[in-house]
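Counting starts at 1 for both ligands and their atoms, following the listed order. Only this structure's heavy atoms are used, side chains among them; waters, hydrogens and symmetry mates stay out.
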Amino acid sequence: MKVAIGADHGGVKIKEEIKALMDEHGIQYEDFGCDCHTSVDYPDYAIPVAEKVASGEFDRGILVCGTGIGMSIAANKVKGIRCALVHDTFSAKATRQHNDSNILAMGERVIGPGLAREIAKTWLETEYEGGRHARRIEKITTYEK
Ligand code: RB5
């Protein structure tokens, strides 16, 4: 699995935590920035990461900002992206099983690095269930066209 990861200035610490998690588990990733603590604009990171996932160059994406909200709004504008804003492990598992979410968004001003790591681990490990959920995703895909 290849993961594209990005953050704005509000999400750099959690981005580093998730990179460490992926290093430990031998998951391949590319960091699309930022590494700064000065103010940047989240769409400048969300959209390139989302485009990499939508194009198939990367299998999944992880985006972090202060709340995760801006990142998820911007990523979901890219056709083919199902970005889930998640701050608990139940939703991390459910959004993979039911929504086949291909980008995970989190907010560093909402949760700490320990929980973010657990959420990302659950989300990365959980498979999509297909079945009745496929029909629902198909309706979204049809609408996008
Ligand atoms: C930046 O101040 C903040 O607005 C951003 O990180 C994010 O929370 C936006 O949704």
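- Scored by the side chain to side chain donor-acceptor pair (under 3.5 Å) test, E24 finds R117 as partners (sequence neighbours excluded).
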List ligand 1's nitrogen or oxygen atoms that come under 3.5 Å of a protein nitrogen or oxygen, with the partner atom and distance.
| from | atom 1 | to | atom 2 | distance (Å) |
| --- | --- | --- | --- | --- |
| ligand 1 | 2 (O) | R109 | NH1 | 3.4 |
| ligand 1 | 6 (O) | D8 | OD1 | 3.4 |
| ligand 1 | 6 (O) | D8 | OD2 | 2.6 |
| ligand 1 | 6 (O) | G66 | N | 2.8 |
| ligand 1 | 8 (O) | G66 | N | 3.4 |
| ligand 1 | 8 (O) | T67 | N | 2.9 |
| ligand 1 | 8 (O) | T67 | OG1 | 3.0 |
| ligand 1 | 10 (O) | T67 | OG1 | 3.2 |
| ligand 1 | 10 (O) | G70 | N | 2.8 |

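- Heavy atoms from other residues, nucleotides or ligands lying under 6.0 Å from NZ of K93 number 12 at most.
- Identified under the salt bridge (Lys or Arg N to Asp or Glu O under 4.0 Å) test for residues 100-113, with sequence neighbours left out: R82-D100, R96-D100.
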Could you go through residues 39-48 and list every donor-acceptor pair under 3.5 Å that involves a side-chain atom there, pairing it with any protein atom two or more places apart or in another chain?
none

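- Formation of a donor-acceptor pair under 3.5 Å by the S55 side chain with backbone atoms of K52 is found in this model.
- The pair E16-K13 fails the salt-bridge criterion, with no side-chain N (NZ, NE, NH1 or NH2) lying under 4.0 Å from an Asp/Glu carboxylate O.
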